[in-house]
*Asks:* 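Sharing a structure with you now.
Order of the sequence lines sets the chain letters (A, B, ...), proteins ahead of strands, with each chain counted from 1.
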Amino acid sequence: MKVKAWILDVNQEVARDQSQEIWLWAIKEDGERVLLIDKGFAPFFYVIPKEGVSIEELEASVKSQVRASDLVSLKVVEKKRLGKLTKVLRVELRNDDVIEQVAKHVAKLYAVKEVLEDDVRATFQYFMHTGISPSSWIEAEVADSPISIEGINIPAYLAMATPKPVEDGNVPKLRVLALHVIVPAFMSSPSPDRDQIGVIAAVNEEGERWVFVNERGDDKPLLLEFVKLIQSYDPDVVVSWGANKWLWSFLIERSKRIGVKLDIGRQKVEPHQSLYGHFSIIGRINVDLLDIVADDPEVKVKTLENAAKHYKVWDGEVIDQAFYGEVWESSGGKERLVNYASKCANAVMGIWKLFSHYLAQLSSLIKYPMDYAVAASPGFRVEGYLMSRAHQLGELIPKRPEVVSFETYRGGMVLEPKPGIHNYVAVLDFAAMYPHLIMKYNISPDTYVPEDVAISDQVCYVAPEVGHRFLKEPDGLYKLSLTALLEARDSIRQFMKRLSPDDPRYAAYEAQQKAIKVIANAVYGYAGWVGARWYLKPVAEAVAAWGRATISTALKIAKELGLEVIYGDTDSLFLRYDQAKVEEFKRRVFEQLGLEVKVDKLYKRVLFTEAKKRYVGLMEDDSLDVVGLEAARGDWCEAAKQLQEEVAHILLTTDNVQKAVEHAKQAIKKLKAGKFSIKDLVIWKTLSKPLDEYKVSAPHVTAALRLKKAGWDVKPGDQIGFVIVKGSGKVHERAYPYALAHGQPIDSDYYIENQLIPAALRILEVVGVKKEQLKQAEVVSLLDFFTQQP
DNA sequence: GCGCCCCCAATACCG
DNA sequence: ACCGGTATTGGGGGCGCG
């Protein structure tokens, strides 16, 4: 029978008879959850002959050296190696278990130059080979009746032929469960040996909820109920906060301690750690929202509550995780935490809903199942896309380089800003400059002409300054990939224009075009990443060089037109706005460079200090756009950031320096009086390495050491929130994690001198205000009077 | 021993 | 485990001073 189904998850199995199986966990059009098993795929690798060895000799050599029982087929095929067409041997093997060993053996043969694609996972090979994608629809001819497989409760069908991809932008209704688990640990990280689970809350998309509570000091019943819920509700997606960082490892360890089988997969096994440190629940998608929020620089402190507030799916009180233990023991605390767990699960669901379309599209684009796609870093996302493109083009996938000598190269150009406040400034930028340069000059690893190759410059594009050459023809992998991406994005956007934003398809298309944009923008960075399969320094270096040449030309054009240039960074120019001239500028840039520039922003007023990459602009609606300054950073306390914004807002809207100064002085006064909440004084910094590897005692490191001493597990990547308390000695010696600082008096002098004043002064010094003016408590001095600007 | 200067480790930002 | 360019803070060592 024929089925149309949407691929949720995939894994590979080697059957008892040693045959290879690809398991596709899918949702049929009618909503039924099924497992489709394809036994028709054999994993493979390619073998390239050594120079002087014929393909026939190679074939004979490989055939004689590989056990016949392991071998499915040997084929001579034409493939491209960095653009050059060559005959290679395609070796298909009986299953994934023997790939590694056979590939290693074959690589050592005399006739062999190299073995390729043995390092590409079987499931990924399968997607490339069939053209199907996770999070997309397929059509498959399957056996009429299901087979039964031990431990699997949904029908499993054997595929009778290779499934085919089906174009359909709709995502089926997924069964989603959002979780939140509370472990009331006392001033420490939860430890599976010592700490019991307090509450597990779950909600579905319809708002139905399940809450399991540890009533009498035993978390076994609660964990059993949880396992039962997953098995009976049978979600496609389990979404939570911190799943990959601690939740699954904690639940697995805890289950072991108390003798519960955490067999929550669709195949009854417990979650297991997989690629990118991510946990896999077979047949389901395990999404950790933390991985999503990690990609959003707007959310500075990565807690669920913060993220939920940012995405507007939170209201009301926050109970800090550090105090779960305390609250649990307090009177009425248990009820509070039970409610809180529900509330958090709701927030988890709220955030999931915002991202679900995007994740599905990303997954489909890069051919990783949704949960891998979320957990993968940008480099691997780009690589997923490039690999499937390469396969379509017949281009062999290079191995990941092992030891690469690392050399940096020159990047984008940043102009010196004109300090001061400027009225009506337009920010013009090149739309997707690097992707367009890559397409324009065909910059790619497979079009690169090495220095020692003699070839006419006529057939090459030659990069300015650095002189790297790239063939004009044929189109390279990067150009083809980006062309496809940008064309797809354009057509989606065209299509969206004809849709109303209320159309259910609108959000999905929006997500799709966003997913595409992210990948396209990361290709340049990918090219310069030493760990990339397609790493090639000249490629990245040439893109940057062409970028500098491009912005320089644009700068020249602006000057020729008499446009005043205030600033510029990499692909943008800040110009004093003059509608006619700006229009002419756009025309000339397109004429001379063949690239489009557009007005990205129009500031009513914008303030620059002498520093690059830091400015604050006032938009048409009087909102502020803070870029690079303290108020845009996560490592300044809230009080300082807020003050800076307020001072900037007063200055840019009223021009009243005195008013801005007074406002800053008020804040200083308020701090002196101890009227700021400790929350407004917490400074956050991320640990970048294990504590013992630090060479200097930075404040956040000392604070982290104090956390560790108190029983917290402190790891690289953790964000440390600390305050500076009164006392003698260096700043770091007085840095305490805010959760451990109770009772200790805050060092208001530190906050005034090193937070409030610098943040306010950064803005005010532009209009000539001096530090002393902020420190004079009440009296308005003559100096103040004279520094007031006209 | 103290303050000052300079260097640099560390972090987070911009595009 | 994406790039380079940039600003900024605080630690820490060296130096001169008395």
*Asks:* Can you identify which nucleotide, out of dG10(C), dC2(C), dG12(C), has its nearest atom closest to the Lys730(A) side chain?
*Replies:* dG12(C)

*Asks:* What nucleotide among dG15(B), dC2(C), dA7(C) has an atom nearest to a side-chain atom of Ala522(A)?
*Replies:* dC2(C)

*Asks:* Using the side-chain heavy atoms of Val414(A), tell me which of these nucleotides is nearest: dG5(C), dA1(C), dG4(C).
*Replies:* dG5(C)

*Asks:* Once side chain to side chain donor-acceptor pair (under 3.5 Å) is applied, what residue pairs with a partner in residues 515-525 of chain A remain, sequence neighbours excluded?
*Replies:* Tyr409(A)-Tyr524(A)

*Asks:* Check whether any side-chain N or O of Ser377(A) sits under 4.0 Å from OP1 or OP2 of dC2(C), and answer yes or no.
*Replies:* yes

*Asks:* Using only side-chain N and O atoms of Tyr615(A), determine if any of them is under 4.0 Å from OP1 or OP2 of dC13(B).
*Replies:* no

*Asks:* Whole angstrom is fine here: how far is it from CG in Leu687(A) over to C1' in dA9(B)?
*Replies:* 14 Å

*Asks:* Classify Thr686(A) by what it touches in the nucleic acid, base, sugar-phosphate, or nothing, heavy-atom distance under 4.0 Å.
*Replies:* sugar-phosphate

*Asks:* Please determine if Arg533(A) and Glu117(A) form a salt bridge, counting it only when a charged side-chain N lies under 4.0 Å from a carboxylate O.
*Replies:* no

*Asks:* Within the structure shown, what part of the strands sits under 4.0 Å from Phe430(A) by heavy-atom distance: base, sugar-phosphate, or nothing?
*Replies:* nothing

*Asks:* So for the helix from dG1(B)-dC17(C) to dG15(B)-dC3(C), with five pairs setting each end axis, what is the inter-axis angle to 10°?
*Replies:* 10°

*Asks:* Among dG12(C), dG10(C), dA12(B), which nucleotide sits nearest the side chain of Val696(A)?
*Replies:* dG12(C)

*Asks:* Identify which nucleotide among dT11(B), dT6(C), dT9(C) has an atom closest to any side-chain atom of Lys685(A), counting heavy atoms from C-beta outward.
*Replies:* dT11(B)

*Asks:* Counting heavy atoms from C-beta on, name the nucleotide in dG11(C), dC14(B), dC2(C) closest to the side chain of Trp529(A).
*Replies:* dC2(C)

*Asks:* Quick check against the 3.5 Å criterion: does Arg381(A) have a side-chain atom that pairs as donor or acceptor with the backbone of Val374(A)?
*Replies:* yes

*Asks:* Taking the nucleotide of DNA chain C with the closest heavy atom to each, which residue, Glu630(A) or Tyr526(A), is nearer the 5' end?
*Replies:* Tyr526(A)

*Asks:* Given the side-chain rings of Phe722(A) and Tyr738(A), with only the six-membered ring counted for Trp, is the space between their centroids under 6.0 Å?
*Replies:* no

*Asks:* Using the benzene-type ring in the case of Trp, are the ring centres of Phe608(A) and Tyr615(A) under 6.0 Å apart?
*Replies:* yes

*Asks:* Out of dG10(C), dG5(C), dG15(B), which has the shortest distance to the side chain of Arg410(A)?
*Replies:* dG5(C)

*Asks:* Return the nearest nucleotide to the side chain of Val627(A); candidates are dC13(B), dT9(C), dC14(B).
*Replies:* dC14(B)

*Asks:* Identify whether any heavy atom of Val382(A) sits under 4.0 Å from a base atom; if not, whether one sits that close to sugar-phosphate; answer base, sugar-phosphate or nothing.
*Replies:* nothing

*Asks:* Side-chain N or O of Lys537(A) versus OP1/OP2 of dC3(C): is the shortest distance under 4.0 Å?
*Replies:* no

*Asks:* Side chain of Ser697(A) only, heavy atoms from C-beta on: which candidate in dG12(C), dG15(B), dG4(C) is closest?
*Replies:* dG12(C)

*Asks:* Check for me whether Lys689(A) meets the cation-pi criterion with Tyr694(A), that is, NZ or CZ under 6.0 Å from the six-membered ring centre and within 45 degrees of the ring axis.
*Replies:* yes

*Asks:* For Arg762(A) and Ala698(A), find the nucleotide of DNA chain C closest to each by heavy atoms; which residue's nucleotide sits nearer the 5' end?
*Replies:* Arg762(A)

*Asks:* Given Phe380(A), which partner from the list Trp529(A), Tyr372(A), Tyr526(A), Tyr385(A) fulfils the ring pair (Phe, Tyr, Trp, His ring centres under 6.0 Å) test?
*Replies:* Trp529(A)

*Asks:* Can you see if the side chain of Lys612(A) gets near the phosphate of dC13(B) - specifically, an N or O under 4.0 Å from OP1 or OP2?
*Replies:* no

*Asks:* How is Tyr434(A) classified with respect to the nucleic acid when contacts are heavy atoms under 4.0 Å: base, sugar-phosphate, or nothing?
*Replies:* nothing

*Asks:* Please identify each residue that fulfils ring pair (Phe, Tyr, Trp, His ring centres under 6.0 Å) with Phe124(A), with sequence neighbours left out.
*Replies:* Tyr368(A)

*Asks:* Between dG12(C), dT9(C), dG15(B), spot the one nearest the side chain of His732(A), thanks.
*Replies:* dG12(C)

